[in-house]
Structures are given as structure tokens and as C-alpha cells.
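Notes for the one structure printed next.
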Amino acid sequence: MSRYLAPSKIGLLALIELYIEGAVPNDATIPVINFLTSHLLDYSLTGPSVAPTERWKEAENTIRLAVSVHHFEELLAPFAAVDRLPGRSLWDRFLEKLWGIDSLHTLHEFFDQLPNHLARTKAELRELASRGEEPPSGVLLTRNSPFGVFIRKAHLEYTRLYFDYVANLWKTFVKYRQPTAAYWRRRNPHHSRLSFDSVLLEGEHEWGLQTDGIAVAAYGNMLLMDGQDAELPVSTDDIESLLEFQIEQVQTVSKTRQKQPYRPKLVTLPQVRPACSRFIGLWLTTSSFSDSWRSGEFPAAFDHLHRYFDYTMQNRDRLFYQYALLNLGIVQSDFGCHKEAVATMLEAISTAKENQDTTCLNFALNWFFHFGRAHPNLVKELEDNSMLGSGKELLAFLRAKAKETGMWILWSSALLSEAKMGLANGESISVAVESMVRSSQVIVEKNVKAMMGPQLSIGIALWDRLGMAAMSKMTCEVFLRCHVHSSVFDDELKLTCRMAGMLAGKGQYEAAYAKLETIDTNSLRSAKPDQYWHLHRGLLKLRRDLHHNNLDSAEVLLSQLLQNSSEDIESDIVFIIDTLHIEALMRRNDFDAAFTKVDRLISELRESDRDSSLRIRLLLIKIQLFDRIGRPEKGFTLAMRAASMAWRARLLALLWEAVGALANILNALGEFAAADRLLVAVIPRYLETDITYTAGSLYNILADARVGLAGEMKKERSSGLSLERARVMAMAHEALDGAFCCFEAVEDVVGRCEVMAKKATLFRVEGDLARADECADAYLKVRDEEQAMKG
């Protein structure tokens, strides 16, 4: 097996020659260039990056393993050649090139003349001028162009081949083009049985009957395969490219389990090509490990991991022992063995230091940092007693070492982690933006496409904290439309679920479900992505059931969701589940259990030093509980503390919500004018967050403040209301209408009923009994809809 050259590459070289000679018509230029670049550069000119499903289809059809003559025929047959007789297609011109190579000597000449298609260097031009020769004319390829690099490499690899390999390349090329023999004979009647080799054809008269024996001795039974498809000969480079593609699909792009129909081809390949046995052995072990890992089979994954490193370390002592520990720690973490994962990763860090393996050390420290952020209780003692230091010190070390060693992904990840930590601790927004910009510069300059997902995720979190939902949605759309095919599947899954959550926040539940359904089903064959997807779908269903006041269905979903511990899923999702559980308890009027759970969560967050936004949300929930039990004044201190914390951390969405809670307390204290001024300033900004339910609550509080203002106004006459009071009452009705629209958008039954009851009461006080009856009818209609949903 040749290291680089194969008959398919000779076909690509012949097609490039046709393009240089001007034989390709204008309408075939783009398809030809696209075909060449897709096999030389792994890139398509006809559109964006190919979707994972299409890439799998190409791999299963062995397009990436080798290009058969049928692929050239499908490309070239529809087009006519510009320099040939009518009726002759570009496919005929291409076959003329292939069948023109009719001996081993001609094959030598074909590769020897390849440099003539390249532009001359300055030194070569000076040498030609000194000899009085004219530089070559016509279309020439630059030496650093994709086609020029391919020609130079093909010529260099051919000159390095031993004679045995050259002879084998010639025989495999003859087999490669043999399926076109019947067609070529019909187009060229002078073509005979031995025309494939001009040496045999010329010596036929001299050797006579011995010619067939010589041909069989030289080519075996190839002459009996006239017009039949032979097995595609491949090179070591083709095998490596195929395996790299497979590993990329399984480990970085699709995160899916290996498709079984493709594996038998890889198993039988070493029998055909013994030189591939090492690559295939490693690949099959890696594939089996990946399948077991993704499917949730911990014993099988553990066994395959040991087999892989036993295979790679047979004669290398402990050279790769730290990588075995690194992978083992990751596997243990994914399967919930967190204490064992911490111990294994600490040993990997020590071993990497001992072996002076900076790359492995950086990866292990990066994993340990992110693991510590997700499970602070497990590494709390280590940060004080070990040499790892605090999170900021660890990130500074990672950032410096990653820059020194050229690990661009790790460098970008460290910068994004610094930005994320700054946002979580409520530090300066400008410092976090600076880290994000530096990470973006690394991504753009080093072309690290895989980091676009984490980069945009931090951007989405920043816009959410600033209360600009339109920017968050736009950033999600940019990723899902432009960067999804070059990023890992985990990023696609998380941002798709994030987008679905935004749609559900505006009450667009069907659109949210449709967004979740856009995820490739094959990508969800792995255990963890499938669990993550079903978890978010369950959260959408739970949120909708709570708004419908369908508490029985909500209790069933909660009983399933609460079984997920913080060690199995992300801590942020655990917090969302806990807050929805508290909301369900409040709707059940089980305030004791709700207070107990809120106090427990607040104490846990205080001990673990988690994100400040989570503590603010719990304070707001506690304020809401005080309001529900009829004691809103007890939440005044909490509201002021939440507003102060949100202002310092620039959590504007939570700041407006805290101000709304403060306005509700002012209403209870009779300070209606102050509450009205606060809400008039806050509501327009809060509408930018697209959190529709809370916006409806703020409108509801605003209506209470305006009704309170109207009640404080004295009557000018006993027979009717004053004009000012009527104006304030009209503004109260507008606020109630705004609240009803928000509650209707999110399909909240309790909110709509409360608003209709208030409107009916106001109309009855004003003496408008007809409108009061309409509001009462609307109230009863909403109640009937609630009962129908439950039924």
C-alpha cells in the first residue's frame, strides 16, 4: 500500500489537467472545482458546512475513502468538452487522459510533467533568463494554491516511491480504470484487448501466443474483469483520513454512537490491507469505547478504555499513563462516580507533572476547574489544602500555559471561564466583556470554530443579565444558523434548549416544542444528550401545566424531575426544577413546605458561594411567599437587599423585578403614588426581557397602585367621580388590560381570573353593570377552560 498515492488521486490529477488546459466548459467550472476541493480540502463550495447526517451518508458510500471512476462519470458526463467534436462529452475527454497512460513509462512521464503546471519561482525565472529561454505561457497554478500544493505533494511522493511500489501503483491503476473499458472500446473501435498496456500491444507480434502468458504473469486475472467493478485501492493517507473523519463525527461533531452497518467494513479492511491493522485496531477499540460510553454502559466502557491503553502502551512504559488517568476520570464523572473521578484526576495531574506533559496537565486542570464549579462541595476542601489554589489562580495559570504551548482551544476556554466567573460573582461587566473580546480574537485569528458555541453562550448570558432578550435571541439564531455545523453537538443541544426556553417564556409553547424537535434524532442516541433533551421537554411541559393550574399533572412531572440529583445534571437546571417545585407548592397553598425549601436553598447557596443571581431569585421568591400569606411588609428588607445586590451585579432583569416587589410592598403600606412612579419607570425596561408572566404581575401591581390613588382622591360632587379620578381609573383599566394580555400569552389561568375579577369589581363600583357582567362571563369562561384542560 502506498503512503499517499492511489489511482483515485491520479484521476484527480487528470481532472486538474483538463481544467488547466481549458477543456472544462463554463457551466461545468463550478461543479468541477467543487468536486476537486471537496476531496482535497474537505470543503464544499455549494453551501455551508455539510450536516452530520450528510457526512455519515458520504462516509458510508466510501466517498471519503476513495473516489471511484463512477463518481467522475456522474460529474463529467452531463457536460460537453469545449475542444472536441460534437457528441463528445467531458467524460470522454477525461477517459482519453486516463487511457492515455498506457504503460509504466507513460505513468513516469505523467508525474514528471506535473511541475510544468506550476508557476516558476523567481530563482527559476532568473535561470531561464540566463539561458535565454522564454518562461512558460498559459494557465499556471501558484505553488501555494490548493491545486498547486496537491500537485507538488503528488510529484514528491511519486519520486520517493521504490520500484515495487511504483509497479504496484501501475497495476492498481489499471484495475481502477478497467470498469470503463467497455465504454472506451465503443467510442474507440481501434482499442484492442491489450491496449491498456502499450508494451504488450507492441510486443504482441514478437511474442505471439506467449503474450497472454506474459500478461497473466504481470497482471494476474485482471484481464478477466473487463467491465467489472474492482475493489477500490486505497492508500495509508486515505485510511487515516477516513478514521479521522469517523473520530471527528463520533467525538467532536455529532457526539453520537457509531453506526453499526459501517463497522463490518472496517473489521474486514485489515484482512485486505494488512498495513491498516494498527489504525483499524485502535479505531475499533475507540469506537467500542465510545459506543459504550454514549449508551451508558459503564462496565463495558471501563473495559474498552483499559484495552485501548494496554494496546497503545505495550512498548512505551508509562509514557501515556497520564492520558489513561485523564480519560478514566472523565468516564467516572460522566457515570456519576464523582469522588472516584476527583481522586483519579488528581493522580493524573501529579503524573503529568512528573512526566512534564504540559498538554495533559493543562487539560486536567481545565477539567478540574469546570468540575469544581459544577460540584463545589466535592472540591471545597481541596482548594484550601492542595496546591491547586483558587479558581482565579488556576485560570490565570491555564491561560498563561495555554498561550505558551499554543493550545488555542484551552486559551479561549480559560478566557471565557474568567468572564463567566466574573459574571457569576457580580464583578465588573467591562472586565467580563474584555475577556470575551480576547477570546473572540483567539477564535478568529486561530480559526478555532469549535469554540464558537461557548463564546456565544457567554454572550447570551451577558445579554440576559442586562435584560436585553432581543440580543440573546439574535445570538442564539446566529449560532444555530451559521456555526452549528462546526461546533460540538453539546453546544447545539444546549443553545437549542435555551432558545426553546426563551420561546416558552413568551408563551410560544408550540414553537418551543418545534424547536426541540429540530434536534437530529440520531444525535440523541447517546444517553446523556437524550436525558438532557427529555429533561428540557419535561420542564416546558411542567411550566405550561402550572400556568394551566393543572396541578395533578404538574405533581407527576415534578416527582420525576426531582429524582435527578445535582450530581447527575447541571446545577442551574436543578435550581430551575426547585423553583418550579416551590411555585407548585404555592399554588397548592402549602406555604410551610415552600418556606422550608426556600430557606434550605438559601443556606446551601450561601455555603457554596454560588452565582449571585440565584440568591437574588430566592430572595424574590421569599418576598412573593410573604405576599401570598398576606404579610407583604415582612419582605421589605429582603426587597431592598435584592435590589441592592442586583444593582451591584448589574442584573437588570432581577433589579426591575425587585423594584416591582418593592412597589407591591408600598401598595400594602398605602404609598400608592411612590409605587406608581416606580412601576411606570420599570415596566418599559422589563418588557425588553421577554419574561411575559412577570411582566403581567408588574402590570397587575400597577393597577392596584392606580386604584389606590383613585381611592385616595376625594369626590368633588356626591353625584359622580371627579375628572382626575376618572382618568386614574381609566389608567388602572389599561394596566389590567396589559396584565390580561401577558397572562393570556402564557396561558396562565389564575392570573387571567384575577384580572377579570378586578375589572368586574371596578366596573361595578363605577356603575357600569353591563361591562361588569361581561368581565364576570369572561371569568367563568376562563374557569371552564381550566376544567376542560384538567379533564
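Values in this document were obtained by computation on a predicted structure and should not be read as measured data.
- In this structure, T689 contributes its side chain and R685 its backbone to no donor-acceptor pair below 3.5 Å.
- Residues R465 and A424 come closest through the heavy atom pair NH2-CA, 4.0 Å.
- For the pair K449 and S487, the minimum side-chain heavy-atom distance is 4.5 Å or more.
- The minimum heavy-atom distance between S439 and Q455, with the atom names listed, is OG-OE1, 2.9 Å.
- For D530 against L524, the heavy-atom pair with the smallest separation is CB-O, 3.3 Å.
- Looking at heavy atoms from C-beta onward, D690 lies out of side-chain contact with M502 at the 4.5 angstrom threshold.
- The line from CG of L495 to NE2 of H483 is 11.0 Å long, rounded to the nearest 0.5 Å.
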Decide yes or no on side chain to side chain contact (heavy atoms under 4.5 Å, CB included) for K494 and S457, but give the supporting numbers first.
CA-CA 9 Å; K494 290 179 181 179; S457 296; 5.9 Å; no
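- Listed by chain and number, the residues in a side-chain hydrogen bond (donor to acceptor under 3.5 Å, both in side chains) with R648 are S644 (sequence neighbours excluded).
- Between A419 and M436 the shortest heavy-atom distance is CB-CG, 3.8 Å.
- Rounding to the nearest 0.5 Å gives a distance of 5.0 Å between OG of S413 and CE of M451.
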Let's go through K9 and F150 carefully: what are the C-alpha distance in whole Å and the side-chain angles of both, what is the deciding distance for side chain to side chain contact (heavy atoms under 4.5 Å, CB included) to 0.1 Å, and is it a yes or a no?
CA-CA 9 Å; K9 289 185 171 62; F150 176 60; 4.1 Å; yes
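- Side-chain atoms of S412 do not come within 3.5 Å of backbone N or O of W408 as any donor-acceptor pair.
- Shown here are the side-chain hydrogen bond (donor to acceptor under 3.5 Å, both in side chains) partners of E477, two or more places apart in sequence or in another chain: R481.
- Looking at residues two or more places apart in sequence or on another chain, you find a ring-ring contact (aromatic ring centres under 6.0 Å, His included) between F35 and H39, F72.
- Across all their heavy atoms, E418 and S435 have their closest contact at OE1-OG, 3.9 Å.
- Listed by chain and number, the residues in a salt bridge (charged side-chain N to carboxylate O under 4.0 Å, His left out) with R650 amount to none (sequence neighbours excluded).
- When atom types are taken as modelled, the side chain of W533 and the backbone of L516 share a donor-acceptor pair closer than 3.5 angstrom.
- Residue I576 holds its CD1 atom at 9.5 Å from CG of L614, rounded to the nearest 0.5 Å.
- Residues I460 and F479 form no side-chain contact, since every pair of their non-hydrogen atoms from C-beta on lies 4.5 Å or further apart.
- Considering only heavy atoms from C-beta on, T37 stays 4.5 Å or farther from P146 through its side chain.
- In this structure W367 satisfies the ring-ring contact (aromatic ring centres under 6.0 Å, His included) test together with F371, sequence neighbours excluded.
- By the side chain to side chain contact (heavy atoms under 4.5 Å, CB included) test, R160 pairs with R3, L156, E157, sequence neighbours left out.
- Here the closest non-hydrogen pair linking S612 and A649 is OG-CB, 4.1 Å.
- Residues V448 and W411 form no side-chain contact, since every pair of their non-hydrogen atoms from C-beta on lies 4.5 Å or further apart.
- I349 places none of its side-chain heavy atoms less than 4.5 Å from the side chain of L325.
- Between H536 and L493 there is no side-chain heavy-atom pair separated by less than 4.5 Å.
- Every salt bridge (charged side-chain N to carboxylate O under 4.0 Å, His left out) that E404 has, sequence neighbours left out, goes to K401.
- Residues meeting the side-chain hydrogen bond (donor to acceptor under 3.5 Å, both in side chains) test with T518, sequence neighbours left out: none.
- Annotation: salt bridge (charged side-chain N to carboxylate O under 4.0 Å, His left out) contacts of R498 (sequence neighbours excluded): D464.
- With sequence neighbours left out, the ring-ring contact (aromatic ring centres under 6.0 Å, His included) criterion links H155 to no other residue.
- Rounded to the nearest 0.5 Å, atoms CG (L652) and CD1 (I429) are 8.0 Å apart.
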How far apart are the C-alpha atoms of V442 and I409, what are their side-chain angles, what is the distance that settles it, and do they pass the side chain to side chain contact (heavy atoms under 4.5 Å, CB included) test?
CA-CA 9 Å; V442 174; I409 293 180; over 6 Å; no
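- Rounding to the nearest 0.5 Å places CD1 of I151 at 5.0 Å from CD1 of I16.
- Scanning for salt bridge (charged side-chain N to carboxylate O under 4.0 Å, His left out) contacts around R438 gives an empty result, with sequence neighbours left out.
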Before giving the answer on side chain to side chain contact (heavy atoms under 4.5 Å, CB included), spell out for Y532 and D490 the whole-Å C-alpha distance, their side-chain angles and the decisive distance to 0.1 Å.
CA-CA 10 Å; Y532 191 90; D490 285 349; over 6 Å; no
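- To the nearest 0.5 angstrom, I458 atom CD1 is 5.5 Å from K420 atom NZ.
- The side-chain hydrogen bond (donor to acceptor under 3.5 Å, both in side chains) check on T344 picks up Q332, with sequence neighbours excluded.
- Here the side chains of R617 and F575 are in contact, with some heavy-atom distance below 4.5 Å.
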